[in-house]
Amino acid sequence: MLLTDELSDLVGAAFAAEGFDPSFGAVRVSDRPDLAQFQCNGALSAAKEARLNPRAVGEKIAARLRANRIFQEITLAGPGFINLTLSDEALGARLDAVAADRRLGGWSAARPERIVLDYGGPNVAKPLHVGHLRSAIIGECLKRLFRFAGHEIIGDIHLGDWGLPMGQLITELKREQPGLPYFDASVSGPYPDQSPVSLEDLERLYPQASAACKADETRAAEARQATAELQAGRPGYRALWRHFIAVSRAAIEREYEDLGVTFDWWKGEADVDPLIAPMVEDLRARGVAVDDAGAVVVHVARDGDKKEYPPLILYKSDGGVMYGTTDLATIIDRRDSVHPDRILYVVDGRQRDHFEQVFRASDIAGIFPKDRLEHLWFGTMNGKDGKPFKTRAGGVLKLRDLIDMVEERAAARLKESGFAEGYGAEDAADVAHRIGLAALKFADLSNPRTSDYVFDLDRFMAFEGKTGPYLHYASVRVRSVLKKAEGAQAGSPGPVTLSAKEERDLALTLLQFGAAVKDAVEKRLPHYLCEHAFSLAQSFSKFYAACRISDESSPAIRASRLTLASAAGRQLDVILDILGMPAPDKM
RNA sequence: GACUCCGUAGCUCAGCUGGAUAGAGCACCCGCCUUCUAAGCGGGCGGUCGCAGGUUCGAGUCCUGCCGGGGUCGCCA
């Protein structure tokens with residue numbers, strides 16, 4: 001049970017005994033740590049409702065609570081704040097429990113759910129760039145977080161492999177190499193096993209094609225035509241398209257692996273292609289989908305909408321499908337294959353209207369209820385001009401290049417520290433990789449998911465202060481001091497007894513882990529966990545600076561501090577694992 | 001134009017259902033390595049919370065209007 005919940009129950013019972021609703025007993029960590037550890041503001045709202053004097057109400061509650069020895073001090077302050085401070089014994093006992101817990105006091109969901117998490121969403125033939133960073137990092141973190149909280153979660157990359165870009169690639173390649181058998185409509189195979197394009201070709205062809213289609217309507221029409229033919233099953237195009245996928249996917253896998261991001265499913269939009277025709281047929285038969293201006297659509301507008309929601313287009317007038325079509329069919333596929341309780345999408349916030357359309361269509365069609373489809377949108381990475389980030393050349397920054405830069409910086413810093421000397425070149429590279437990645441990930445995750453933020457290389461490259469490497473450093477120091485204690489035969493960890501302020505603060509921080517997990521899971525906001533990770537590392541660093549551990553002379557205090565240090569280190573490592581940024585052994 | 005997100009310290013950002021003196025990191029200044037990793041710790045400097053009204057005992061937080069910025073708005077994803 002969470003400490004604040006335990007306290008809320010106690011205070012709530014006191015409110016109930018005085019004839020108030022127990023919900024007034026909500027306790028939270030104090031805003032004024034100089035005055036108390038916890039506070040309850042319920043006397044103010046209870047008194048307001050009952051038209052009583054808030055201080056008088058607070059005094060009655062406080063009087064009832066003072067009987068409980070869990071509290072060291074209960075005071076009334078200001079207009080009626082109830083300030084609570086726990087006894088060191090109560091704190092120590094709860095900390096012993098956290099230290100003995102395999103999950104270090106982590107919270108778990110009362111009703112575990114089966115959840116499909118849709119994130120990543122890279123497009124075939126496009127190298128990953130900084131725009132893909134957020135979905136991957138936030139999605140991976142949410143996946144691990146939900147799993148930690150006891151949910152069954154299936155991560156699906158949802159590859160973009162079925163839209164217009166495929167037609168653009170086909171037509172672009174046709175211009176370069178018209179003689180390839182894939183383009184001869186009179187041939188229906190077999191086609192060569194060897195791909196006609198390399199990864200480099202794809203990365204060159206796509207931007208070319210995209211630019212050409214933007215500039216020239218004829219080219220755009222050609223691409224649309226090719227897309228429709230591909231989707232209709234033209235054998236040469238399908239064969240070519242399979243090569244595109246194979247070549248591109250190998251590269252995408254490598255990049256995500258470097259990022260420490262792994263998917264349970266590598267499904268793509270194209271995988272639901274066979275479901276589309278029957279789905280649309282069914283929706284038409286039931287009157288959910290209708291013909292409109294040559295297209296087949298689902299009207300999703302509702303009375304009372306503040307804005308106009310255009311219909312979800314299932315078939316374009318040229319017969320091609322759009323990503324809304326595959327998204328809807330994908331819901332059917334997920335529903336029928338694993339019967340999830342919920343489907344979550346970690347996708348850019350600029351697609352909010354799109355998901356609203358898809359979710360409404362799903363609801364209207366009775367495919368999957370809208371309230372169990374959630375678009376966990378994230379904000380845009382902007383440049384210093386406040387607009388979506390572009391490199392100086394106006395292009396996008398490749399993820400690979402960004403990771404390289406950050407790793408290089410970490411390697412240089414590692415060399416300075418001197419701790420790299422004990423490592424071989426390979427291990428040093430691994431440590432630099434971990435540290436660089438942590439800087440990158442923490443900079444992203446510690447921002448609230450829904451905030452836009454300024455893409456700032458200096459921030460990603462920063463290894464001091466509120467950063468990933470700071471968390472690593474704390475973890476490394478715990479490991480180091482515990483190792484030293486072992487070597488010095490300092491004895492084993494023992495019951496926690498608190499005397500120094502830094503010990504008490506660390507204990508209180510450790511006890512907040514459960515609440516942080518709960519908040520992060522329920523609000524789907526990883527930054528709550530980051531906040532906790534940072535205060536934990538900070539509390540430990542202060543404790544470490546103020547208190548001797550391995551060479552503390554009193555055996556009882558030494559044993560207690562070993563427990564504190566070990567619990568802090570293990571809790572921090574659990575969090576670092578959830579955040580997807582495991583610490584190195586040394587740095 | 002409609003809708004939507006946002007505007008808090010020099011910079012980048014927190015601030016949970018309205019509550020006590022609005023927090024953190026960076027930057028800047030000062031101090032701390034002859035005992036466990038100084039990627040650290042301690043101290044200092046720094047804010048009319050975009051503007052104007054309103055509701056409230058109490059507003060960064062809720063309501064209205066205005067100013068400024070980002071984003072979206074049927075056959076791209």
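Quick note: numbers below take in every heavy atom, side chains included, and nothing from hydrogens, waters or symmetry partners. Every chain is numbered from 1 and lettered A, B, ... according to where its sequence line falls, protein lines coming before strand lines. Since the model is a prediction, treat every value here as computed from it, not as a measurement.
Nucleotide B/rC36 holds its C1' atom 15 Å from the CZ atom of A/Arg479, rounded to whole Å. In this structure, A/Arg360 atom CZ and B/rG74 atom P are separated by 15 Å, rounded to whole Å. Put simply, CG on A/Asp318 is 17 Å from P on B/rG74, counting in whole angstrom units. Whole-Å rounding puts the A/Phe378 CZ to B/rC5 P distance at 18 Å. A/Arg459 has its CZ atom 15 Å from the P atom of B/rA27, to the nearest Å. Taking atom NE2 on A/His375 and atom C1' on B/rU4, their separation rounds to 13 Å, with Å as the unit. Rounded to an integer number of Å, the gap from A/Glu531 CD to B/rG25 P is 11 Å. Atom OH of A/Tyr528 is separated from atom P of B/rA14 by 11 Å (rounded to the nearest Å).
Checked against a 6.0 Å centroid threshold, the rings of A/His472 and A/Phe463 do not count as neighbours.
The residue A/Cys530 sits apart from the nucleic acid: no heavy atom pair falls under 4.0 Å. Within the 4.0 angstrom heavy-atom criterion, only backbone atoms of the sugar-phosphate kind lie near A/Met322; the bases stay farther away. A/Leu482 comes within 4.0 angstrom of no nucleic acid atom, judged by non-hydrogen atoms across all strands. Contacts of A/Ser541 with the nucleic acid, taken as non-hydrogen atoms under 4.0 Å apart, involve only primed sugar atoms and P, OP1 or OP2. Within the 4.0 angstrom heavy-atom criterion, base atoms lie near A/Leu414. At a threshold of 4.0 angstrom between heavy atoms, the contacts of A/Val476 include nucleobase atoms, whether or not backbone atoms are also involved. Counting any heavy atom pair closer than 4.0 Å across all strands shown, A/Asp161 reaches no nucleic acid atom.
Distance from the side chain of A/Tyr453 is smallest for B/rC13 among the nucleotides B/rA39, B/rC13, B/rG19. Distances were taken from every side-chain heavy atom of A/Tyr323 (C-beta onward) to each of B/rA77, B/rA20, B/rC36; the shortest belongs to B/rA77. The side chain of A/Arg477 lies closest to B/rA38 when the candidates are B/rA38, B/rA77, B/rG19. The nucleotide whose nearest atom lies closest to any side-chain atom of A/Gln39 is, among B/rA20, B/rG19, B/rG74, B/rA20. Distance from the side chain of A/Lys48 is smallest to B/rC57 among B/rC41, B/rG71, B/rC57. Set against B/rG74, B/rG25, B/rA20, the side chain of A/Phe534 has B/rG25 as its closest nucleotide. When the nucleotides B/rU37, B/rA14, B/rG25 are ranked by their closest atom to the side chain of A/Lys586, B/rU37 comes out on top. Listed nucleotides B/rG74, B/rC36, B/rA14 differ in distance to A/Val481; the shortest reach to its side chain belongs to B/rC36. Minimum atom distance to the side chain of A/Arg350 is reached by B/rU72, of the listed B/rA14, B/rU72, B/rG70. Counting only heavy atoms from C-beta on, A/Asp31 has its side chain closest to B/rC16 among B/rC16, B/rU72, B/rA14.
Annotation: side chain of A/Met381 is in contact with side chain of A/Val130 (closest heavy-atom distance under 4.5 Å). Contact check for A/Ser30 versus A/Phe81: no side-chain heavy atoms found under the 4.5 Å cut-off.
For B/rU37, the OP1/OP2 oxygens have a side-chain nitrogen or oxygen of A/Lys484 closer than 4.0 Å. Within the structure, a side-chain polar atom (N or O) of A/Gln538 is placed less than 4.0 Å from OP1 or OP2 of B/rG25. For A/Arg352 and B/rC73, the shortest distance from a side-chain N or O to OP1 or OP2 is not below 4.0 Å. The side chain of A/Ser480 contributes no N or O atom lying less than 4.0 Å from OP1 or OP2 of B/rC36. Taking side-chain N and O atoms only, A/Arg413 has a distance below 4.0 Å to OP1 or OP2 of B/rA39. A/Ser451 has a side-chain polar atom (N or O) that falls below the 4.0 Å cut-off from OP1 or OP2 of B/rA14. When the side-chain nitrogen and oxygen atoms of A/His158 are compared with OP1 and OP2 of B/rA77, none of them lie within a distance under 4.0 Å. Using a 4.0 Å cut-off, some side-chain N or O of A/Lys542 falls inside it from OP1 or OP2 of B/rG42. Distances shown here put a side-chain N or O of A/Lys316 below 4.0 Å from the OP1 or OP2 atom of B/rC76.
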Which dot-bracket string describes RNA chain B (Watson-Crick N1-N3 plus N6-O4 or O6-N4, or G-U N1-O2 and O6-N3, all under 3.5 Å; [ ] crossing; | other strand)? (((((((..((((.....[...)))).(((((.......))))).....(((((..]....))))))))))))....
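Between B/rG46 and B/rU8, the distance separating the two C1' atoms is 13 Å to the nearest Å. The gap from the C1' atom of B/rG18 to that of B/rG60 amounts to 10 Å, rounded to the nearest Å. Across the C1' atoms, B/rG42 and B/rU48 are found 32 Å apart, a figure rounded to whole Å.
For residues 430-440 of chain A, every residue pair satisfying the side-chain hydrogen bond (donor to acceptor under 3.5 Å, both in side chains) rule, not counting sequence neighbours, is listed here: A/Glu407-A/His433, A/Asp430-A/Arg434.
Evaluation of atom-type donor-acceptor distances gives no pair under 3.5 Å for the side chain of A/Asp305 against the base of B/rA2. Judged by atom type and distance alone, A/Lys307 does not reach the base of B/rG1 through any side-chain donor-acceptor pair under 3.5 Å.
Between A/Asn41 and A/Val29, the residue anchored closer to the 5' end of RNA chain B is A/Val29, taking for each the nucleotide with the nearest heavy atom.
Under 4.0 Å is where a charged nitrogen must lie from a carboxylate oxygen, and between A/Arg134 and A/Asp444 at least one such pair does. A salt bridge is absent between A/Arg224 and A/Glu229; no separation between the charged side-chain nitrogens and carboxylate oxygens falls under 4.0 Å.
Of the residues listed (A/Thr171, A/Ile170, A/Thr227, A/Asp216), the one engaging A/Glu222 in a side-chain contact (heavy atoms from CB on, under 4.5 Å) is A/Thr171, and it is the only one.
No more than 12 heavy-atom neighbours from other residues, nucleotides or ligands sit within 6.0 angstrom of CZ on A/Arg409.
Here the CG-CD distance, from A/Leu564 to A/Glu502, works out to 11.5 Å after rounding to the nearest 0.5 Å.
No donor-acceptor distance shorter than 3.5 angstrom exists from the side chain of A/Ser475 to the backbone of A/Gly569, with no hydrogens or angles considered.
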